Every structure is written in structure tokens, then in C-alpha cells.
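These numbers were taken from a predicted model, which means no experiment stands behind them. Every chain is numbered from 1, with letters handed out A, B, ... down the list of sequences.
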There are 2 protein chains.
Amino acid sequence: MDINGQAEGSVIEERSARRRLPPQERRQQIIDGAVAFFAEVGFDGKTRDLAKRLGVTQSLLFNYFATKDELIEAVYEQVYLNRLAPDWPDRLTDRSVPLRGRLLAFYSEYSTLIFQYEWMRIFMSSGLSGAELNRRYLKHLGDVILRPLLGEIEFAARSGEIPTMEDIWNLHGGIVYIGIRQHIYRTPCPDDPSVAITRAVDRFLLAFGIDEA
Amino acid sequence: MDINGQAEGSVIEERSARRRLPPQERRQQIIDGAVAFFAEVGFDGKTRDLAKRLGVTQSLLFNYFATKDELIEAVYEQVYLNRLAPDWPDRLTDRSVPLRGRLLAFYSEYSTLIFQYEWMRIFMSSGLSGAELNRRYLKHLGDVILRPLLGEIEFAARSGEIPTMEDIWNLHGGIVYIGIRQHIYRTPCPDDPSVAITRAVDRFLLAFGIDEA
DNA sequence: TCGCTTATTGAGCATTTGATCAATCTTATT
DNA sequence: AATAAGATTGATCAAATGCTCAATAAGCGA
């Protein structure tokens with residue numbers, strides 16, 4: 001968001017005026033810049049380009065991160081942090097609320113969280129390069145969100161169809177694919193994915209005889 | 001498949017025996033190797049590593065491709081070529097066959113075509129790096145497969161729901177996501193995706209009152 | 001078997017790139 | 001205003017990397 005104060009004192013502050021920041025602050029600034037940078041160009045982006053974008057020397061980066069890999073690790077942490085709200089498992093299994101409402105609320109919040117340029121692209125890049133954090137995230141998602149969701153669908157099901165984990169992944173994948181089209185493939189997409197999501201959820205529930213619409 | 005003849009005459013042919021191939025053949029061998037190589041490590045893979053894997057000098061690559069980018073273009077062509085069978089549009093709109101059968105036949109063939117390591121990873125890599133070929137492919141897919149499919153669903157629909165293009169993309173995305181989990185994220189997946197696909201298609205048809213199951 | 005064409009090699013060039021470190025300059029403190 | 005601490009820089013290194021080219025030798029025809 002804020003790459004630099006940019007204007008402080010004089011209206012036109014000659015750029016590249018050496019600016020001294022508290023280490024913690026500078027570190028965070030570098031991480032934020034690195035997230036945006038690597039999201040855009042991939043993890044093979046050059047440290048010199050990142051430094052230039054930050055308005056800082058390349059050597060400065062190595063004062064805060066011993067190696068480029070260490071910086072990338074920090075980027076991972078920053079991006080993966082808090083991507084799964086801890087209260088979702090509870091809210092998804094709160095049977096005092098209709099299942100459809102729970103599902104729509106979850107995917108409404110989740111999609112605004114993940115349908116973002118930085119997340120989508122860094123998640124995909126790290127997945128491609130085999131980052132362990134990626135599989136950990138997906139396992140976690142499966143364990144604390146999708147598996148309980150399967151239980152809820154089973155519980156609410158009125159038709160003979162018994163849902164499977166693959167069915168849940170299919171629902172999830174169909175929704176996530178919107179974000180992939182938008183930020184990875186950069187293909188024309190609806191500005192507001194919520195109607196597509198709602199319809200997907202309703203189709204899914206209908207198949208198991210759950211129609212609260 | 002065949003990196004080298006490997007055994008010809010003597011049982012143990014000392015490797016790195018200089019082997020002279022017809023240019024066309026060598027070129028194809030390089031392309032095939034490059035597809036596998038770049039699929040695995042991404043397009044920032046080094047030409048020296050690729051050459052080593054081919055059992056050939058790095059400089060040889062530049063006798064067949066002026067630049068690395070040109071080699072990558074050849075990889076694109078090789079991978080994207082014939083990924084969409086030209087008879088699918090016709091078969092998908094052949095109303096003498098039940099829609100469900102057409103859909104299942106299409107996704108059965110299509111999934112075996114695209115749920116492959118090389119395709120999935122190169123398609124995703126090229127998408128991330130903004131390759132034009134990627135968007136072209138998706139536009140083509142939308143135009144010649146998914147759009148006609150929308151027409152077929154509309155025609156067969158028995159419920160009040162009117163399908164939209166986004167609904168079709170959702171069906172498609174949910175299915176493709178299986179391949180993404182398998183080859184990009186390397187997450188546990190069903191060996192045979194056909195049951196998941198069948199169930200997804202059936203849920204979709206059911207939502208529009210099309211149940212021929 | 002000899003000779004010729006040309007596929008292939010190996011050495012090497014110019015940049016790029018991650019990483020280092022002593023010198024410099026900003027800023028808080030006195 | 002003077003001082004000290006340490007954040008930041010600029011020059012630089014070594015390795016990696018895309019690419020070139022003269023030299024080499026594999027395989028075909030005579």
C-alpha cells in the first residue's frame with residue numbers, strides 16, 4: 001500500500017535521498033514489496049529489480065535476509081498468514097444456521113480473501129515449484145474446512161446420494177477456478193463472482209436434496 | 001519416451017559417444033526433452049541442464065534454436081498442438097445422442113488428454129508468465145466447446161433455471177481442478193477421475209432438470 | 001577405403017546475478 | 001552542536017548463463 005512516505009517536508013523530495021528506517025519497518029517494507037514483485041514476475045525475479053522498485057540498494061536486501069531464499073520464505077509466511085480464519089470451522093458447523101447460508105457466507109468471505117492478485121499468483125507459483133507450505137495449506141484446508149463440510153452435507157442430505165470428499169473438492173475447485181481464470185490466465189471474468197458462487201452452491205445442494213433457497 | 005537408442009550393436013554403449021542424427025530427428029528429440037524438462041523445472045530451467053539431460057552439448061541446442069525463447073516457442077507449439085480434437089464441437093452438438101452421454105464422452109476424452117504432467121504444468125507456467133497462446137487457447141475452448149455446450153444445456157433444460165456461461169465455466173473448472181491438484185499441487189487424488197467427473201456432470205444436469213441417468 | 005558434407009563439440013565471451021564488505025551518511029541522544 | 005550507533009550505499013567478486021565459432025569427427029556416397 002504505502003511504498004514510501006514520498007513527500008515529507010519538501011513537496012518535491014529528490015528521489016533516492018537516503019532514508020533511514022527502523023529495521024523492523026524496513027524489513028516489513030521489503031517483504032511487502034517482495035510479495036508484489038514476486039507475484040508479478042515469479043520467484044526468478046532478480047533482486048536488483050526488486051531493489052530498484054523499492055527505491056533501495058540491492059545490497060540492502062541482504063542486510064535483512066541472508067539469502068534470496070530466505071526472503072522468499074518470508075514472502076511465503078506473509079502471504080499464507082491468516083488466509084484461513086480460525087472461526088470458519090465453527091461457523092461452518094453451526095447447525096442453528098441453515099447450511100446454505102453457512103456455505104454462502106463462507107465462500108463469500110473466502111473468495112474475497114483469495115481472489116487477489118498476490119495470493120493467487122504466489123500460491124500458484126509456490127505450488128508449481130513444489131513448496132511444502134503449499135501442500136500443508138491444502139491439507140489444512142481439507143482437514144479443517146472441507147472435511148467438516150462433508151459432514152454437514154451428509155447430515156443435511158435428503159436425497160439418496162451420499163456425498164464424497166471428491167464431491168466437495170469439486171465444489172471448491174469450481175469456485176476457486178474463477179480466481180485462477182482472473183489472476184493466472186487473465187481471462188475475462190465477472191467483476192462480482194458472488195452470483196456464480198451462489199448458483200454453484202445451489203446446484204450442489206440441490207443434488208443432495210438440500211434446497212433452502 | 002525414447003531419449004536414446006541407447007543399445008545398438010554393443011550391449012553397453014559408452015555414453016557420450018558422439019551420435020550423428022538427421023537434423024529433423026535431432027530437433028524433435030530436443031523439443032521432446034525440452035517439454036519434459038521445462039514442465040518439471042519451469043521455463044527458467046537452464047539450457048545446460050537440459051543439454052545434460054539430453055546427453056548432448058549445450059551449444060548444440062543453439063544450432064537448432066537461435067535463442068532460448070525460440071526453443072520455448074517450439075515447446076509451446078508441441079504441447080498446445082492438437083490438444084483440442086476438431087470433431088468435439090460436432091459430437092457435443094449431435095442431438096441424436098443424449099446430452100449426458102455427450103458430456104461424459106467429452107470429459108472422459110478431454111480429461112485423459114489434459115490430466116498429464118507435461119500439459120498441466122506447461123499450461124500453468126505459460127499462463128503465469130502471461131503467454132498469449134494461453135489466452136488464445138482458453139478463448140478457443142470457450143468459443144468452440146463451452147459456448148456450444150451452453151446451447152445444448154439450454155435446449156435440453158427442463159427446469160426454470162437458465163444456464164449461463166459462468167455456469168459452464170464452473171462445471172469445467174471443477175473438473176479441471178482435479179488435474180491441478182494432481183500435477184501442480186501434487187496433492188493426493190483419485191487415480192481414476194472418471195467417477196468424480198460423472199458425478200459432477202450429473203449434479204450439473206440435475207440442476208437444469210436434465211436427468212437421463 | 002577414401003573423401004566430403006555437416007552434425008557436433010569444446011573452449012570461451014559478455015552479461016547477469018546472488019552475495020560481500022568497508023566506507024558513508026542519517027538520526028537519535030547528549 | 002557534537003558524538004556515536006548503525007542503517008545504507010557503492011564497488012566488487014565469483015559463479016552462472018545465454019550465446020558464438022572455429023575445430024572435430026560421424027556417416028554417406030563413390
Side-chain angles (χ1 to χ4, degrees), chain A residues 3-10 13-34 37-38 40-76 129, chain B residues 3-10 13-34 37-38 40-76 129:
Chain A
I3 291 301
N4 251 335
Q6 179 64 271
E8 187 145 19
S10 63
E13 184 174 4
E14 284 306 312
R15 61 182 167 188
S16 90
R18 186 189 273 193
R19 180 89 180 286
R20 202 187 170 91
L21 258 60
Q24 197 119 356
E25 202 168 320
R26 177 71 78 187
R27 187 187 152 89
Q28 191 55 49
Q29 182 205 50
I30 292 177
I31 294 179
D32 290 341
F37 177 71
F38 288 129
E40 193 172 325
V41 306
F43 291 120
D44 292 283
K46 315 305 177 188
T47 55
R48 278 173 176 79
D49 294 333
L50 168 58
K52 188 174 297 180
R53 184 182 289 211
L54 285 166
V56 143
T57 337
Q58 180 235 13
S59 53
L60 184 64
L61 303 181
F62 290 92
N63 268 20
Y64 291 88
F65 305 92
T67 69
K68 184 184 173 183
D69 278 339
E70 199 174 287
L71 170 58
I72 290 178
E73 282 303 316
V75 166
Y76 283 169
S129 56
Chain B
I3 290 299
N4 251 336
Q6 180 65 274
E8 185 145 21
S10 63
E13 183 174 3
E14 285 305 314
R15 60 182 165 186
S16 91
R18 186 190 274 194
R19 181 87 180 288
R20 202 185 170 93
L21 258 60
Q24 197 120 353
E25 202 169 319
R26 177 71 79 185
R27 186 187 153 89
Q28 191 56 51
Q29 182 205 50
I30 292 177
I31 293 179
D32 289 341
F37 177 71
F38 288 130
E40 191 172 324
V41 306
F43 291 119
D44 291 282
K46 314 306 175 188
T47 55
R48 279 173 176 80
D49 293 334
L50 167 59
K52 188 173 298 176
R53 185 182 289 212
L54 285 166
V56 142
T57 338
Q58 181 232 15
S59 53
L60 184 64
L61 304 182
F62 291 93
N63 267 21
Y64 291 87
F65 304 93
T67 68
K68 183 184 173 184
D69 278 338
E70 199 175 287
L71 171 58
I72 290 179
E73 282 303 316
V75 166
Y76 282 169
S129 56

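Between the side chain of B:Ser59 and the base of C:dG10 there is at least one donor-acceptor pair of N/O atoms closer than 3.5 Å. At a cut-off of 3.5 angstrom, counting only N and O atoms as typed in the model, there is no donor on one side facing an acceptor on the other between the side-chain of A:Arg19 and the base of D:dT8. Residue side chain B:Arg18 reaches the base of D:dT24 through a donor-acceptor N/O pair under 3.5 Å, judged by distance alone.
At least one donor-acceptor pair under 3.5 Å links the side chain of A:Glu70 to the backbone N or O of A:Ala66.
Donor-acceptor pairing under 3.5 Å is recorded for the side chains of A:Gln29 and A:Arg26.
Candidate nucleotides C:dG10, C:dT17, D:dC19 were compared by shortest atom distance to the side chain of B:Thr67, and D:dC19 ranks first. The A:Pro23 side chain lies nearest to D:dA7 when the options are C:dG18, D:dA7, C:dG12. Comparing D:dG6, C:dT20, C:dT9 against the side chain of A:Arg20 picks out D:dG6 as the nearest.
Aromatic ring centroids of A:Phe43 and A:Tyr76 lie under 6.0 Å apart.
Separating the CG atom of A:Leu60 from the P atom of D:dG10 is a distance of 11 Å, rounded to the nearest angstrom. Atom P of nucleotide D:dA7 and atom CD of A:Glu25 are separated by 13 Å, given to the nearest angstrom. One atom, CG of A:Leu21, and another, C1' of D:dT9, lie 15 Å apart when rounded to the nearest Å. Look at NZ on A:Lys46: it is 11 Å from P on C:dT16, rounded to the nearest Å. In this structure, A:Lys52 places its NZ atom 13 Å from P of C:dG18, rounding to the nearest Å. Atom C1' of nucleotide C:dA19 and atom CG of A:Leu61 are separated by 11 Å, given to the nearest angstrom. Between A:Lys68 atom NZ and C:dT17 atom P there is a gap of 9 Å when expressed in whole angstrom units. Taking atom CZ on B:Arg48 and atom P on D:dT20, their separation rounds to 13 Å, with Å as the unit.
Partner of A:Phe37 under the side chain to side chain contact (heavy atoms under 4.5 Å, CB included) criterion, chosen from A:Leu50, A:Leu54, A:Ile30, A:Asp32: A:Leu50.
Both B:Asp44 and A:Asn63 lie near DNA chain D, and the one whose nearest nucleotide falls closer to the 5' end is A:Asn63.
Contact between A:Pro23 and A:Tyr64 at its shortest, heavy atoms only, is O-CE2, 3.4 Å.
Remark: A:Tyr64 is not in phosphate contact with D:dA7, judged by side-chain N or O atoms under 4.0 Å from OP1 or OP2.
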